[in-house]
Amino acid sequence: MSAGGLHDLQTVALTVNGSERTVAVPAHRTLLDALRDEMGLTGSKTCCAEGECGACTVLLDGRAVNACLVLCAEADGHEVTTVEGLSERGLTDLQEEFLNAGAVQCGFCIPGQVVSAEYLLRGNPSPSEEQIREALSGNLCRCAGYQRIVRAVQATAARRRGDRG
Amino acid sequence: MAEAPARPADELDLQAANGSPARIGRPVLRYGGADRTTGAQRFVADLSFPGASQVALVTIPVGCAEIVGVDSSQARRVPGVLDVVTAAELPSPMPRFGPSHQDRPVLAAGGVNFHGEPVAAVVAETTDAAQAAARLMRVDFRELPGVYTLDAALAPGAHLVHDPSIRPGDPRAERNVLEDALYTWGDVAEAQAHTDVVVEHDYTFPMVTHFPIEPGGTVVVPTEQGGLDVYSPVQHPYLLQRTIASVIGLPLNQVRVFAPDPGGAFGGKQNPKLEPLMAFIALRMRRACRLVLSLEETFHAMRRAGCRIRARTGFTRDGELTFHEVHADYQIGAYADVAPRVMAKGSYVAAGPYRIPAVRIAARAVMTNTTPSTAFRGFGSPQVAWATESQLDAGARLLGLDGLEIRRRNLVARGEAFVRGASAARADGEWRESLEKAAELVGWGEPLAPNRGRGIAVGIKPGATSGLSQSLVRLLCDGSAIVYAGTSDMGQGARTLWQQIVAEELGTPIDRVSVISGDTGTVPFDLQTSASRSTVFMGSAVLEACRDVRRRVLELYAETTGVPAEELDEAPGALITPDGRLSLPEAAREALGTLRGEFIGQGTRRLRGKGDHPLGGDAAFYEFNATAIEVEVDRETGELLLTKHVSVSDVGTELNALQVVSQDEGAAIMGLGHSQMEQLLLDEHGRIRNLGALDYRIPTFNDVPLELVTAAVENHDGPGPYGSKGISEGALLCTAGALGAAVAQATGVVIRDLPLTPERVWAALRDAEARSRADAELRSAP
Ligand code: FES
Ligand code: FES
């Protein structure tokens, strides 16, 4: 990464969904805007732009973060997975369960919910309802499919444990 | 009564749904759902417009001011800035628009009427440049003594939000009351003679904002033919088309509105707001112009009217209502938008679904220097229901009845009038069933743990009182079908229903039915996506279009095969021939023959209003809901823990059980928002103090009741396809009343101001304790 003044562009090299990407961005550019505007990955959504809604959730080196709070430059040399990356080979079991549970209404919050829920399930294959609510508490849904989303996560966990399907 | 099971979605049989022929009522998976989980769904901010210039809005930090001057010299020097548009760059007098009153200027002209009203727009090559330049704009203004509360607006000599010159011929132009409504029947004075108990209280309902997770935005692209393509995630593309055409002076065919699916709307994306400004800017720039809103900007664009209600209610000793008087002031904001109708339609049902011999409802739409309020799920009903439902509980407490019993004694039966007089309204459902079901599911009457209480409430809302939906259905030669339906799919899943109807009526497998919407250039007219009307109106139009297709198949089949038409008949999914049943797609194929082609069916559902009706017509249906809540109150902190929340809606027929559940749960949680935590707070300059997600709290995963149960009563008695009714708003109509009653039972303290935040509950408990201590001292004093 090359340093520079306020309006100078910095070159940032990062891995996005498994591919090496290099972008030239001003220092203040967030990872979210870089993904959406420079890389055409619009699956991550912008709502509050201040870390409160979770619509922009991505995995940074495997950890769920609000991409609106991360500067693109901070992701230099790191690995980013967006909802598009999770869906590369078609719908995941988690996404299928979101649909089966009726968790998807307007859909605007859903990519962020899917990424947060995937992160939860990778770290905790059998989360309790309480743990699901807590893990997703930073992801707002105004259509309030909260109860549906909890069921989707539970169903996915069961499926991954081989309980059914 | 038909069965009304509580329905967690995992009991809904999805496998059967997508494979079996009977598609009505099944939890068919959402049309376009998969794309919404992968991020492939394109919302307006996701669309790319190469070469578009970016627009940023300029505002001033007060709610009411005269603009003295605008200096854009610094802003113009920012590299990449193309133009700065102020009132001076727009036509004079400034064009105004609005669905009922043409009072909203394209851009603030001369003064600002609410915090966040744009006074200028910067156009630049990039968003960065536009925003940097917007910050460098110098707006010289003189703050005026704006009116930010009902009291200020109604005080004698109050600052007038609108100069009387823009309300020509309006006898109320010298006041901040924009419209009022009066509904009366019976004789209150006479009814008092048969009254044993009277309760009289004031209630308040906060201003709240829609907070769609998608803030939205608008892109306008001038076309080579001199027209405009307008991209905006609106609920009413045809209204936007008409508005742009009229402010710009273009024929309708030159304005093409593309409406990408809104990422949540809830009423907030119905009416034009910034689109006319964007149209003028794009015409001036002769290139595509794009504005993407921030969440904060949506706070300045939409909200629900706050309301103050005084209610006086009489009961007999047996708990029968004798009279009910309501005075409701809706705080509507700086421009009319659709708020006068919110006031008129909401207050029309302010006496609730009850049998009351004498009623007087007086309501006013009061302008203040605040964000213009607009349609918001429930459309004026939740505000008055909060007061009326709380009044029933107040009466019940005095009479030693419980909340269920007093409602049983007063709820109207099917066919009975709950609004009387010239514009009467009658119950169009077996509403008692919903009440009883809610009571049963919440465990009404079971013993309560300490610090717990239960409340039950009911709510009604009139559906659309006039409407027009037109649809086209094309049955293609391979048996697949395309539906054209202008309903906005903003999360309720409208397109899924059209797929289901076509599958049912034409026998086409669901996955071979596609739906086109959101484009006024290709999709026929639809008045609105609002008031939970689409299932009934557009649903009927799609159904009729399908039947039109069937008739055409029959005719052509007769012509092609030589079988006389009189010997043929059609039925859902089939053509009946003398040789037996043919599946409709097969019959269509045979009829079309080797030239192929397709069948085009047309459907229209029109409900004409009534000129002499205060709402412009009888409601096509009523949404009815009963909600019961059990709450545990932490007396130390005032925090409420919802242990159980039951919502039962009278749905007529569920066309898609899964979508009904989603709508009900979503509305129930939204109702908890305004009941428990949401409120817009203003400072003395009329600025929103809690602007944005950090300070304005909406329900999160942690606010979902421990147990949230929704159920539907189905009596197949709605005016929509297969006996359906609209269902999207019911579950928030009376949430507040049920919660308030539950808290009152748990604590013995009644609170009449929303939201029931921990601070408010805690303070009310503390005050009550202080009062009872004082009383005890008084009693023990010698
Ligand atoms: S947009 Fe990043 S948390 Fe809201
Ligand atoms: S599905 Fe609409 S905001 Fe979550």
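Order of the sequence lines fixes the chain letters, A, B, ..., with proteins taken first and strands second; residue numbering starts at 1 for each chain. These numbers come from the heavy atoms of this one structure, side chains and all, not from hydrogens, waters or symmetry mates.
Only the side chain of A/R36 comes within less than 4.5 Å of a heavy atom in chain B; its backbone stays farther off. In this structure, chain A has heavy atoms under 4.5 Å from both the backbone and the side chain of B/D46. In this structure, chain A has a heavy atom under 4.5 Å from the backbone of B/Q41, while its side chain stays farther away. In this structure, the portion of B/D128 lying under 4.5 Å from any heavy atom of chain A is its side chain and not its backbone. Contact of A/S87 with chain B is made through the side chain alone, with heavy-atom distances under 4.5 Å. Residue contact with chain B, scored on non-hydrogen atoms closer than 4.5 Å, involves the side chain of A/L91 exclusively. For chain A, the nearby part of B/E296 is the side chain; its heavy atoms alone come within less than 4.5 Å. For chain B, the nearby parts of A/E134 are the backbone and the side chain; heavy atoms of each come within less than 4.5 Å. Proximity to chain B is limited to the side chain of A/V114, based on heavy atoms less than 4.5 angstrom apart. For B/A40, no part lies under 4.5 angstrom from a heavy atom of chain A. Contacts between B/P79 and chain A at a heavy-atom distance below 4.5 Å are absent for every atom of the residue. Contact annotation for A/S44: neither backbone nor side-chain heavy atoms come within less than 4.5 Å of a heavy atom of chain B. If you measure heavy-atom distances from A/C143 to chain B, the contacts under 4.5 Å come from both the backbone and the side chain.
Between chain A and the options B/P705, B/G491, B/A668, the largest number of non-hydrogen pairs under 4.5 Å is found for B/G491. By number of non-hydrogen pairs under 4.5 angstrom with chain B, the leading residue of A/E84, A/K45, A/E96 is A/K45. Ranked by heavy-atom pairs shorter than 4.5 Å toward chain A, the options B/S294, B/P215, B/G216 are led by B/P215. When each of A/R29, A/E130, A/E129 is checked for heavy-atom pairs under 4.5 Å with chain B, A/R29 comes out on top. Contacts with chain B were tallied for A/G40, A/G43, A/C109, A/A144; A/A144 has the most, counting heavy-atom pairs under 4.5 Å. Listed options A/G107, A/C141, A/G112 were ranked by heavy-atom pairs under 4.5 angstrom with chain B; first place goes to A/G107. Comparing B/D489, B/L694, B/T298, B/D35 by how many heavy-atom pairs each has under 4.5 Å with chain A, the most go to B/L694. Heavy-atom pairs under 4.5 Å with chain A were tallied for B/L708, B/T37, B/I698, B/V292; the largest tally goes to B/T37.
Minimum interatomic distance between B/V704 and A/R133 (heavy atoms only, all atoms of both residues): O-NH1, 2.7 Å. Taking every heavy atom of both residues into account, A/C47 and B/F211 meet most closely at SG-CE2, 4.3 Å. Listed here is the closest heavy atom pair of A/A55 and B/I213: CB-CG2, 4.3 Å. Scanning both residues, B/V661 and A/R148, for their nearest heavy atoms gives CG1-NH2, 3.3 Å. Here the closest heavy-atom approach between residue A/P111 and residue B/G39 is recorded as CG-CA, 4.0 Å. Heavy-atom minimum distance, A/L99 versus B/L29: O-CD2, 3.5 Å.
Annotation: the span from B/D261 atom CG to A/C106 atom SG amounts to 9.5 Å, rounded to 0.5 Å. A distance of 6.5 Å separates OG1 in B/T127 from CG in A/D37, rounded to the nearest 0.5 Å. Once rounded to the nearest 0.5 Å, the distance linking SG of A/C48 with CG of B/L295 reads 7.0 Å. In this structure, OG1 in A/T46 is found 12.0 Å from CG in B/L293, a value given to the nearest 0.5 Å. Taking CD of A/Q113 as the start and CZ of B/F701 as the end, the distance is 4.5 Å to the nearest 0.5 Å.
In this pair, A/F108 and B/F43 present their aromatic rings perpendicular. The plane angle is above 60°, beyond the 30 to 60° band.
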Could you please spell out the steps behind the salt bridge (charged side-chain N to carboxylate O under 4.0 Å, His left out) verdict for A/R142 and B/E678? CA-CA 13 Å; A/R142 189 55 150 171; B/E678 294 181 38; 2.7 Å; yes
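Within the 4.5 Å cutoff, the side chain of A/Q105 has no heavy atoms near those of the B/R36 side chain. Residues B/I669 and A/Q147 have side chains not in contact (no heavy-atom distance under 4.5 Å, counting atoms from C-beta outward).
A/S137 contributes no side-chain N or O that, together with a main-chain N or O of B/N702, makes up a donor-acceptor pair within less than 3.5 Å.
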